[in-house]
2 protein chains.
Amino acid sequence: MAVTIKDVAKAANVSPSTVSRVISDSRHISDKTKKKVRKVMEELGYHINLNARGLVRQSTKTIGIVLKYSENEAWNWINPFVSEVIQGISAHCHEHGYSIMITTGRTEKEIYSDVVKMVQGKQVDGMIVLYARKEDRVVPFLLEAAIPFVVIGKPVDRIHEVMYVDNDNVQAAKDATAFLLNQYHRKIGFIGDNPSFQVIQDRLEGYYKALELEGISKNPAYVKFVQNPEDEEKILDKFLKLEHPPTALVISSPLQGVGVLKRILNHGLHVPEDISVVVFNKTLITEVSIPKLTAIDTQTYQLGYEASKGVIELIHYPDTFKRSVIISARIEPKESHRSLQEN
Amino acid sequence: MAVTIKDVAKAANVSPSTVSRVISDSRHISDKTKKKVRKVMEELGYHINLNARGLVRQSTKTIGIVLKYSENEAWNWINPFVSEVIQGISAHCHEHGYSIMITTGRTEKEIYSDVVKMVQGKQVDGMIVLYARKEDRVVPFLLEAAIPFVVIGKPVDRIHEVMYVDNDNVQAAKDATAFLLNQYHRKIGFIGDNPSFQVIQDRLEGYYKALELEGISKNPAYVKFVQNPEDEEKILDKFLKLEHPPTALVISSPLQGVGVLKRILNHGLHVPEDISVVVFNKTLITEVSIPKLTAIDTQTYQLGYEASKGVIELIHYPDTFKRSVIISARIEPKESHRSLQEN
DNA sequence: CTCATTAACGCAAACGTTTGCATCAACTTT
DNA sequence: AAAGTTGATGCAAACGTTTGCGTTAATGAG
């Protein structure tokens, strides 16, 4: 088949071990020999077999990515969040010569076995988990397998045992709400998706905290969760039928953001004239939206980049302290908000 | 380290070869032995080492994906096209037990060496190339290496030697243009991105063809290429300053579509009242845009799915006829166009 | 009862690297 | 000049599978 290290060795009149050492640029080999061997490698068109190397080195210089599993299949990849995170991971991995392998499973069970295959099959040196979910089997498995990994998002359960990178969602939501308060909004609504995610709980908490600081009491009528896109309509209806409809909204996803935007228009109202909107996650969507959405930049790319830094560090120094990285989020004022007071 | 086939063999009182055959469920092994061995595997927590298997089988059941390279880094992953294609690939790969590995390179050179590494390093059994570009080194390399691969898009050069899956971009653009012509538009503009991509050339050709059928001659003033987002402004300016500005536009990417949408609004004009817009690639973006963009559904997911079908077929039957698959594209009328004639 | 057939399994050689240890020549040192 | 040191390379055993071929015992045919 292909030309192997032995072929090169034979042609260069050296031993296979010498060739191997030339490949890894060992300092035990004389420059003359290196030159000679390299020339032969060139001539023969040699390329290393990474399977063989992986076998003996017990390392493949590959990291696996566990893609987010979502009931709503379409939202997986389409969700720009995933893309951007992977961008970040990819960038850092490349800098360190690591390859990337991704899960292909669609259901929770499939994904789990993908992970097992990657890890036990020794296909990867480390893993990055793109979500944090209650009662998930992946994280416990990875802990058990004692393979380096980091999760993006805040793992609910064994938080002190795993390294994770996340935003401070409480703080971010607090900031977002405070931003609106500073613009003299007093009636602020909150829209989140599935409240079973920790993210949503945290953001809700931050939202409440900011209100509290201003002495505004919790108003359940201002807080809604949309489980599927159709809910948006109902929710907006309810909001607008209130005696005092909210003048501003904090929304936990860009997709919902544009959805709400559209419903608002349908009601003959305008953003930001009639109602201000701040959404979580600055993404392509918030940029191409008209008006551009004032969004919380959670620095998704950076999230991925740091996660990658984490695993690779863990791979090289397994005893690294499992520090957790908080990526700061900051609000990026665009066009979907306005101050209630014309200064 | 981990428990190997030999450990299992020892514990089960059989030879390693027997264990191996149990794993592959060989019919040369008695059911009794299989049961026994499987039980031991279970007890010992055995899992196969895919590196070792890859080494001897000369196959890893992994396919590599060459991500599109773009000068404008941000457009890579963010571009929903890529995400959807990968979704399709991923789905089919999973059905056949194949894993996925993606390139991490940012520049053309980096990507090329990623590919070489994957292929020569025997990390993958086949490849899918997510773009077709003139004077690209990847496709020639893959041909040379004689590894199964399929490109998504129409390879310009050695078209009869490679298997590809693509839309009929000429036809699609022709349809799109005809669609507008049917709505009594006569002054139709075309906006594409990098004209070095075959896609753009094809779409341009289809655009011209449709016009020709109506006896409308080519007008270079109506055809523009935007290389970076800032160009959109200039282009629109030029269009609008024409004596007869276009009443409709065919745009080759959803991202550009929303960009142009915004610029049009900036000029105090409205879509579709003042100008109709049809964009290529129905994606999340075109759906969340306001108004929803009338788009050509190129069935991106299907593109990926078929590509995957292609490689895996080539892997199993190397002598498969290198058929090329054309995924039909059809226009999905939404809200960004109108007829010039009030019926 | 002998011989050919088959079913079930073991042997051992690959697959292409890496790496600890041994070797050996050429230099230093004393 | 002998002993020790250093530098450059080779030997051979791993790494964990797969698989062609050989062996054995049981079965069937004649």
Side-chain angles (χ1 to χ4, degrees), chain A residues 1-38 40-41 44-62 97 99 117-125, chain B residues 1-38 40-41 44-62 97 116-125:
Chain A
M1 316 269 132
V3 22
T4 81
I5 239 181
K6 295 184 183 170
D7 301 327
V8 175
K10 208 157 287 177
N13 247 357
V14 296
S15 79
S17 34
T18 300
V19 178
S20 174
R21 284 187 244 264
V22 169
I23 292 171
S24 45
D25 201 19
S26 160
R27 59 196 169 79
H28 294 299
I29 304 292
S30 71
D31 287 348
K32 201 177 64 182
T33 311
K34 281 184 184 175
K35 282 234 166 60
K36 182 177 62 177
V37 171
R38 292 213 176 98
V40 173
M41 294 197 326
L44 268 52
Y46 169 80
H47 196 287
I48 198 169
N49 181 318
L50 292 170
N51 276 316
R53 165 179 282 185
L55 181 56
V56 27
R57 283 217 181 148
Q58 309 276 42
S59 145
T60 55
K61 288 220 122 200
T62 300
S99 304
K117 183 177 163 193
M118 281 187 190
V119 173
Q120 306 284 40
K122 308 283 184 232
Q123 292 193 105
V124 298
D125 293 352
Chain B
M1 320 272 131
V3 22
T4 81
I5 241 182
K6 294 184 186 172
D7 301 326
V8 176
K10 207 157 289 177
N13 247 356
V14 294
S15 78
S17 33
T18 300
V19 178
S20 174
R21 285 185 243 265
V22 169
I23 291 171
S24 44
D25 202 19
S26 160
R27 57 194 169 80
H28 294 299
I29 304 292
S30 71
D31 287 348
K32 202 177 64 182
T33 311
K34 281 184 185 176
K35 281 232 167 62
K36 182 178 62 177
V37 172
R38 291 211 177 99
V40 174
M41 296 197 324
L44 266 54
Y46 169 80
H47 196 288
I48 198 170
N49 181 318
L50 292 170
N51 277 317
R53 164 178 282 184
L55 182 56
V56 27
R57 282 216 180 150
Q58 309 275 39
S59 146
T60 55
K61 287 220 120 198
T62 301
V116 173
K117 182 175 162 194
M118 281 188 191
V119 173
Q120 306 283 41
K122 307 282 185 234
Q123 293 193 105
V124 299
D125 294 352

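In what follows, chains are A, B, ... by sequence order, proteins preceding strands, each numbered from 1. These values consider heavy atoms only, across backbone and side chains, with no hydrogens, waters or symmetry-generated copies.
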With a 3.5 Å cut-off and just heavy-atom distances, do the side chain of A:R21 and the base of C:dG20 make a donor-acceptor pair? yes
Once hydrogens and angles are ignored, does a donor-acceptor distance under 3.5 Å link the base of C:dC11 to the side chain of B:S17? yes
Using a 4.0 Å heavy-atom cut-off across all strands, classify [X] as base, sugar-phosphate, or nothing.
{"X": "B:S20", "result": "base"}
{"X": "B:K6", "result": "base"}
{"X": "B:D31", "result": "nothing"}
{"X": "B:I48", "result": "sugar-phosphate"}
{"X": "A:S24", "result": "nothing"}

Any side-chain to backbone donor/acceptor pair from [X] onto [Y]? Under 3.5 Å, distance only.
{"X": "B:N51", "Y": "A:K122", "value": "yes"}
{"X": "B:T60", "Y": "B:Q123", "value": "yes"}
{"X": "B:K34", "Y": "B:S26", "value": "yes"}

Under 3.5 Å, is there a donor on one side chain and an acceptor on the other for A:S17 and A:S20? no
Whole-Å distance separating the [atom1] atom of [X] from the [atom2] atom of [N]:
{"X": "A:Q120", "N": "D:dT17", "atom1": "CD", "atom2": "P", "answer": "12 Å"}
{"X": "B:K10", "N": "C:dG10", "atom1": "NZ", "atom2": "P", "answer": "14 Å"}
{"X": "B:I5", "N": "C:dC11", "atom1": "CD1", "atom2": "C1'", "answer": "15 Å"}
{"X": "B:K61", "N": "D:dT18", "atom1": "NZ", "atom2": "P", "answer": "13 Å"}
{"X": "A:Q58", "N": "C:dT19", "atom1": "CD", "atom2": "P", "answer": "11 Å"}

Between B:R27 and A:Y46, who's closer to the 5' end of DNA chain C by nearest nucleotide? B:R27
Identify, between B:R57 and B:I29, the residue whose nearest nucleotide on DNA chain C lies closer to the 5' end. B:I29
